[in-house]
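To keep things clear, I will list the structure first and then write my remarks on it.
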Amino acid sequence: MFEKICKYLSFGSIAVLALYMAAMTVLEKYSGTEAAMLRGYHSVPFIVLWAVAAVS
């Protein structure tokens, strides 16, 4: 059971990260690099997603 939860958590967090980074790429194109860095790549949810992916 634990392995199944870890598998879904791992792949789920990677999928959400991919969507998040795609959205930040669009934001960067239209708003500039500074906006993408402040609102996206250096935000708490992005860091938490990376931590969850790394731990799982």
For residues 4-23, which residue pairs pass the ring-ring contact (aromatic ring centres under 6.0 Å, His included) check, not counting sequence neighbours?
Tyr20-Phe46

Can you list, by chain and residue number, the hydrophobic cluster partners of Ile14 when the side-chain cut-off is 4.5 Å?
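For Ile14, no cluster forms, as it stays isolated from other hydrophobic side chains.
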
Looking at residues at least two apart in the chain, or sitting in another chain, which of them share a side chain to side chain donor-acceptor pair (under 3.5 Å) with Thr25?
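Counting only residues at least two positions away or on another chain, Thr25 forms no side chain to side chain donor-acceptor pair (under 3.5 Å).
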
Side-chain donor-acceptor contacts of residues 48-56 below 3.5 Å, not counting sequence neighbours, with atom names and distances?
| residue | atom | partner | partner atom | Å |
| --- | --- | --- | --- | --- |
| Ser56 | OG | Val52 | O | 2.9 |
| Ser56 | OG | Ala53 | O | 3.4 |

Test side-chain contact (heavy atoms from CB on, under 4.5 Å) applied to Ala23 - qualifying residues, sequence neighbours left out:
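Listed in chain order: nothing, the list is empty.
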
Could you pull out every donor-acceptor pair under 3.5 Å between side chains of residues 28-41 and any protein atom, sequence neighbours left out?
| residue | atom | partner | partner atom | Å |
| --- | --- | --- | --- | --- |
| Glu28 | OE2 | Thr33 | OG1 | 3.2 |

Within the distance-only criterion (no hydrogens, no angle test), does the side chain of Ser10 pair as donor or acceptor with the backbone N or O of Cys6 below 3.5 angstrom?
no

